[in-house]
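For reference, the structure discussed in these notes is given below.
Being a predicted model, the structure only gives us computed values, none of them experimental. All heavy atoms count here, side chains included; hydrogens, waters and symmetry mates do not.
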Amino acid sequence: MLDFLNNLTNKDLSVIESLVNSPHLNIKNDTVLKKLFKYIKKMRGHLTAADLEKKNIHKILYGREKFNDDNIRKNLSRFFKLIEIFIIQKEFSRNESGSLALRLRAFRSAQTWDWYYETLNKAETNKKVKFYKDQDDYYDEIKICEELILSTPKPGIKLTGFKIRLSQNVNYFFIFMNLVSYFQILSGKVNFSESDVMFDQSMYREVMNYTKKHKEIFKKDHPNIFIIYLQIKIILTHDKKYYDELMEYYDMNRDKFDPHLSSSFFMTLQHCLRIKLLARKGDFHENNILTFELNDIIMRKENYFRTYIEEGRAFDGILFLDILKNAFYLDKIDWLEKCYDDYSKFIVSEQSEDCFNLFNAVKCMNRKEFEKATYHLSQISKNFSPILLEGKILLSIASFHLGYIEPLKVHTANLYSFIRKNKKISRKAAAETHVFIYYFKKLLKICTATDLNINKELEKLRKEMEWEEKIIPYKKELLQLAVSS
């Protein structure tokens, strides 16, 4: 709520003020609500959690009067009820298609038949041909057809056409929502929670097979079904041909994609590629390049990510971590700095400090400022395990550069214990960290040995790492350590 109040626009405040002043909504014409609104309006953009504490609100509203917790709670509840009405009305006004069925049902319930038939006629005569449909479009078509069938038809009007249209839209709605739910379930793979996607998929397979059979029809008349079908295929198969087919389709229809649809299209594709990259399917380097190209479109070139954020989506630590690792792998640190400057304020508050320290550590390591890097890495909290794990791995590399060999033996043992006991670390991340530890311990052993030909052993280690088929986190950095030791 704090972020919502701080981000209210002048237009938003004007609408809320009209609600506060409405005798219908503020029945008692309560000056307390008006005073509370003026306070929120004055503090907008600078509100803190302390500003909204009940004792502080009491002081604003009642001055030195004796504090009454029940009274303040009731007034805050009434005020935020108006905020709730504002949010619903705002969504209602901008979602014309989704509100149509509600208006028809309300008018029929109230028996305001003039409004009912006027709305129904407008829905039929002013119907826009949309390139991309969503569930609201199908649902509205279903409700309109139901109303046309249920309402008293004019003489000479045959209902068969409406019944066929109703049946078709029920089918499209069913197919689309099945694909949407299937995509959402499969998206659990981004964290490699394979148990999340272990379920009876027979119904989804039937829908997928039907969509495949009629793919060209959907491609022409129902792009929403065609697009999500291919996105699911990317997750299921990790085959680049489906990505290429989607991008080709986008290029052919670019002028039909509005900013909102473009943002949704590319953000979902980014999610699909993150899953593919994390699954380690195909060429790892090529997947990183492809992912970065998409990140660049979303975060810098077209700024689609801002639209994503403005729709109330979260910029969480997992997404930040994936973007950071991808940029670091490809030595795109300048790009990462610009991206961080643009979007760091949107990172969820409970993870922002850890993201800040990890980002600064990566930046310092790129500049070979390893002392500063270790400082930032040591500041990462235990709140979010994936970032903490990344910090521990990078701390190993930075500390090695500083020559902290003996302490690193203890650190490596602690790292092993961390991934073994921490259930919040994915199995894939734990397995790959095991590989990192294996080679890092070998490097430490060689560098502290007194009875080995160090150069010969380091060369053997480099070859072993280069031929390793498993993914080694920060393999390039490990190889550099083996060369410089």
Is a side-chain N or O of [X] found less than 3.5 angstrom from the main chain of [Y], in a donor-acceptor match?
X    : Y    : value
N169 : R165 : yes
N287 : L277 : no
T268 : S264 : yes
D342 : C339 : no
S262 : P259 : no
Q351 : G317 : yes
S417 : A413 : no
D296 : F292 : no
N360 : F356 : yes
D137 : D134 : yes

Carboxylate-amine/guanidinium proximity below 4.0 Å for [X] and [Y]:
X    : Y    : value
K143 : E146 : yes
K133 : E141 : no
E302 : R254 : no
K460 : E457 : yes
E286 : K240 : no
K476 : D331 : yes

More than 12 heavy atoms of other residues, nucleotides or ligands under 6.0 Å from [atom1] of [X]: is that the case?
X    : atom1 : value
H434 : NE2   : yes
Y416 : OH    : no
M247 : CE    : yes
K424 : NZ    : no

Query - Qualifying residues under salt bridge (charged side-chain N to carboxylate O under 4.0 Å, His left out), relative to K332, sequence neighbours excluded - result: none
Is the shortest heavy-atom distance from the side chain of [X] to the side chain of [Y] under 4.5 Å?
X    : Y    : value
L358 : L377 : yes
Y250 : I227 : no
I298 : Y308 : no
L319 : R274 : yes
M208 : L179 : yes
Y243 : C272 : no
V207 : Y182 : no
K338 : M299 : no

With a 3.5 Å cut-off and no angle check, do the side chains of [X] and [Y] form a donor-acceptor pair?
X    : Y    : result
Y375 : E369 : no
N422 : S385 : yes
N288 : T291 : no
Q270 : N295 : yes

May I ask you to decide if the ring planes of [X] and [Y] are parallel, tilted or perpendicular, using 30° and 60° as cut-offs?
X    : Y    : result
F173 : Y139 : tilted
H222 : F218 : perpendicular
F284 : Y329 : perpendicular

Query raised in the report: Given Y343 and F320, is the ring pair (Phe, Tyr, Trp, His ring centres under 6.0 Å) satisfied, shown in steps?
Result: CA-CA 10 Å; Y343 293 107; F320 171 80; over 10 Å; no
Query - Partner set under ring pair (Phe, Tyr, Trp, His ring centres under 6.0 Å) for F328, not counting sequence neighbours - result: Y474
Report task. Kindly compute the distance separating OG1 (T237) from NZ (K276), expressed to the nearest 0.5 Å. Result -> 8.0 Å
Query raised in the report: What pair of heavy atoms forms the shortest contact from I425 to P386, and how long is it?
Result: CD1-N, 4.2 Å
Report summary line: Note: I380 and G391 closest approach over all heavy atoms is CD1-CA, 3.9 Å
Report task. Validate the cation-pi geometry between K392 and F418: distance from NZ or CZ to the six-membered ring centre under 6.0 Å, angle to the ring axis within 45°. Result -> yes
Query raised in the report: Taking the six-membered ring where the residue is Trp, are the ring centres of F257 and F131 under 6.0 Å apart?
Result: yes
